[in-house]
Q: 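I'd like to ask you about the structure that follows.
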Amino acid sequence: MALRRILSFNKRLISTPSNSVAGFANFSSKSNPYIVKVGIPEFLNGVGKGVEQHAEKLESEFGDFQKLLVARTIKLKRLGLKCQERKLILKYAHKYRLGLWRPRAEPVKS
């Protein structure tokens, strides 16, 4: 059984192109730099669902968008944000850090 695995792994090494590494996907964990500069108001507008009303409060408390990205729920709670609003901000902040989500460059027109 182990010999089969070794042989199949060697076949994959031989059959893969020289510029790729066997067993690893062809993607980067680093996100691409965003074209639009994102601040706290743009981020909250992108999240939507009523959290944009807290833009002034969060901007005065954190000042920098990077500080908001690493904020904890207890700090947001002390600022008077409701549970659902805290969850939305933290969820989208995590997605933004991973490069899976970013606010739109232009607001969506209804």
Q: Could you tell me whether K57 atom NZ has more than 12 heavy atoms of other residues or ligands within 6.0 Å of it?
A: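 Atom NZ in K57 is crowded, with more than 12 foreign heavy atoms closer than 6.0 Å.
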Q: What is the distance from atom CD of Q66 to atom CD1 of I40, rounded to the nearest 0.5 Å?
A: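 If we round to the nearest 0.5 Å, Q66:CD and I40:CD1 are 10.0 Å apart.
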Q: Just grab all the side-chain hydrogen bond (donor to acceptor under 3.5 Å, both in side chains) pairs involving residues 69-82, residues at least two apart or on different chains.
A: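 Output for this query lists T73-R86.
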Q: Say you draw a straight line from CD of E85 to CG of L88; how long is it, rounded to the nearest 0.5 Å?
A: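 If we round to the nearest 0.5 Å, E85:CD and L88:CG are 8.0 Å apart.
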Q: Hey, are the side chains of H54 and L81 touching, using non-hydrogen atoms and a 4.5 Å cut-off?
A: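 Answer yes - side chains close enough.
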Q: Quick one, L79 and F62 - any side-chain contact, counting heavy atoms below 4.5 Å?
A: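 When only atoms from C-beta onward are counted, F62 and L79 do touch, with a gap below 4.5 Å.
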Q: CD1 of I89 to CG of L69: how many Å apart, nearest 0.5 Å?
A: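 Reported to 0.5 Å precision, the distance equals 11.0 Å.
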Q: What's the shortest heavy-atom distance between L90 and A71, and which atoms?
A: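 Of all heavy-atom pairs spanning L90 and A71, the closest is CD2-O, 3.5 Å.
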Q: What residues form a side-chain contact (heavy atoms from CB on, under 4.5 Å) with E56, not counting sequence neighbours?
A: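 Partners of E56 under the side-chain contact (heavy atoms from CB on, under 4.5 Å) test: none.
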Q: Is any side-chain heavy atom of Y92 less than 4.5 Å from a side-chain heavy atom of V51?
A: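 Result no, sub-4.5 Å side-chain heavy-atom pair not found.
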Q: Using 0.5 Å steps for rounding, measure from the CZ atom of F43 to the OH atom of Y96.
A: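 Nearest 0.5 Å value for the CZ-OH distance: 8.5 Å.
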Q: Measure from the side-chain N and O atoms of E61 to the backbone N and O of L58, and report whether any donor-acceptor pair falls under 3.5 Å.
A: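 No: the side chain of E61 does not pair with the backbone of L58.
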Q: Give the minimum heavy-atom separation between A55 and P41, together with the two atoms involved.
A: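 Closest approach of A55 to P41, heavy atoms only: CB-CA, 4.4 Å.
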Q: How long is the span from the CG atom in L68 to the CD atom in E59, to the nearest 0.5 Å?
A: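 Separation between the atoms: 10.0 Å.
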